[in-house]
Amino acid sequence: SQILDDILLVIKENFRVVNAHEVTLEVNPENVTKQNLIDWYNLGITRLSLGVQSFFQEDLDYMNRSHDSGQAYNALELVLNSKIKNLNVDLIYGYPLLSDVKFVKNIQHLIKMKVPHISSYCLTIEKGTALSHFIKNKKHPPLNPQKQERQFYVLRDLLLEAGYNHYEISNFAQPEYRALHNQNYWNKTPYLGVGPSAHSFNRLTRR
């Protein structure tokens, strides 16, 4: 939390921060503890984005995630019972191990827990990664575009039926929970990224 405190202090000292009611921190399930949640809240974090990806252990192993399914369930419970009420959960779909049945269970669990914002991304294979190597050498099956398309519509249909608004390609939100960052990004609002590999846009160029 000290590093976060230092970063936020530098921002406040160097920029005019007005009505900063959305301050999002991306976290993995293994980083979520009761004390961390208290510290993040006290630092002014108003929104968390939790990288669950799947609640099934075999899927997490396939994606080489550092958390396990138990940590995914526990982290979600902890956040929902904390003072930080604005929450996004990330899911991934379209990979060989994920059946439609399993994907529906992942989605339904988030609906049941009343998670206000859900981001779900289709798995892509980057060149040079271990997964790309395994698929090339037929140690893993290739991705199936038809399955990926079908699972996208499964996602969309379930969340629309549950009252979520599909306001951006990969993002679904309950009323009043659309992410300001996501909307500003697609509306071409200027933003400044600071730090290693940070991304910025000034209406003319992206850098």
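Nothing fancy with the numbering, it's 1 onward along the sequence.
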So do the side chains of [X] and [Y] get within less than 4.5 Å of each other, counting heavy atoms only?
{"X": "Gln35", "Y": "Asp39", "answer": "yes"}
{"X": "Arg47", "Y": "Val23", "answer": "no"}
{"X": "Asn28", "Y": "Arg65", "answer": "yes"}
{"X": "Thr24", "Y": "Leu48", "answer": "no"}
{"X": "Tyr191", "Y": "His199", "answer": "yes"}
{"X": "Ile125", "Y": "Leu143", "answer": "yes"}
{"X": "Lys147", "Y": "Arg150", "answer": "yes"}

Nearest 0.5 Å please: distance from the [atom1] atom of [X] over to the [atom2] atom of [Y].
{"X": "Glu168", "Y": "Asn165", "atom1": "CD", "atom2": "CG", "value": "11.5 Å"}
{"X": "Ile92", "Y": "Gln53", "atom1": "CD1", "atom2": "CD", "value": "4.0 Å"}
{"X": "Arg203", "Y": "Phe201", "atom1": "CZ", "atom2": "CZ", "value": "7.5 Å"}
{"X": "Ser119", "Y": "Asn182", "atom1": "OG", "atom2": "CG", "value": "6.0 Å"}
{"X": "Gln174", "Y": "Leu159", "atom1": "CD", "atom2": "CG", "value": "9.5 Å"}
{"X": "Ser49", "Y": "Asn86", "atom1": "OG", "atom2": "CG", "value": "10.0 Å"}

Which pairs of donor and acceptor atoms, one on a side chain in residues 4-18, lie under 3.5 Å apart (sequence neighbours left out)?
{"from": "Asp6", "atom 1": "OD1", "to": "Gln2", "atom 2": "NE2", "distance (Å)": "2.9"}
{"from": "Asn14", "atom 1": "ND2", "to": "Val10", "atom 2": "O", "distance (Å)": "2.8"}

Do you know the tightest heavy-atom contact between [X] and [Y]?
{"X": "Pro96", "Y": "Pro142", "answer": "CG-O, 4.0 Å"}
{"X": "Ser82", "Y": "Leu37", "answer": "CB-CD1, 3.9 Å"}
{"X": "Lys85", "Y": "Pro116", "answer": "O-CG, 3.9 Å"}
{"X": "Leu78", "Y": "Thr33", "answer": "CD1-CA, 4.2 Å"}
{"X": "Ala72", "Y": "Ser54", "answer": "CB-O, 4.3 Å"}
{"X": "His67", "Y": "Leu60", "answer": "NE2-CD2, 3.4 Å"}

Study note, to complete from the structure: ring-ring contact (aromatic ring centres under 6.0 Å, His included) pairs touching residues 94-124, sequence neighbours excluded, are Phe55-His109, Tyr62-Tyr95, Tyr73-His109, Tyr93-Phe103, His117-Tyr167
Exercise for review: Write out all pairs satisfying ring-ring contact (aromatic ring centres under 6.0 Å, His included) with one or both partners inside residues 20-42, taking only residues at least two apart or from two chains.
Suggested key: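 As it turns out, there is no ring-ring contact (aromatic ring centres under 6.0 Å, His included) pair with a partner in residues 20-42 once direct neighbours are skipped.
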Practice item. Walk me through it: do Tyr164 and Leu158 pass the test side-chain contact (heavy atoms from CB on, under 4.5 Å)? Key: CA-CA 9 Å; Tyr164 288 79; Leu158 283 174; over 6 Å; no
Is [Y] reachable from [X] through a run of I, L, V, M, F, W or Y residues, each pair having side-chain heavy atoms under 4.5 Å apart?
{"X": "Ile45", "Y": "Ile38", "answer": "no"}
{"X": "Val101", "Y": "Leu155", "answer": "no"}
{"X": "Phe56", "Y": "Leu91", "answer": "no"}
{"X": "Leu180", "Y": "Leu25", "answer": "no"}
{"X": "Ile107", "Y": "Tyr177", "answer": "no"}

Exercise for review: Return yes if some donor-acceptor pair links the side-chain N/O of Asn187 with the main-chain N/O of Thr189 below 3.5 Å, else return no.
Suggested key: no
Can you see whether [X] engages [Y] through a side-chain donor-acceptor pair at a distance of less than 3.5 angstrom?
{"X": "Asn88", "Y": "Asp90", "result": "yes"}
{"X": "Gln151", "Y": "Asp100", "result": "yes"}
{"X": "Glu30", "Y": "Ser66", "result": "yes"}

Check your understanding: So, are Glu58 and Lys102 salt-bridged, with charged N and O less than 4.0 Å apart?
Key -> yes
Practice item. Check Ile118, Leu76, Leu110 against Leu87 for a side chain to side chain contact (heavy atoms under 4.5 Å, CB included) and give me the one that passes. Key: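 Exactly one pass, corresponding to Leu76.
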Exercise for review: Please assess Gln57 against Asp61 for the test side-chain contact (heavy atoms from CB on, under 4.5 Å), listing each intermediate value before the final yes or no.
Suggested key: CA-CA 6 Å; Gln57 186 60 47; Asp61 291 340; 2.9 Å; yes
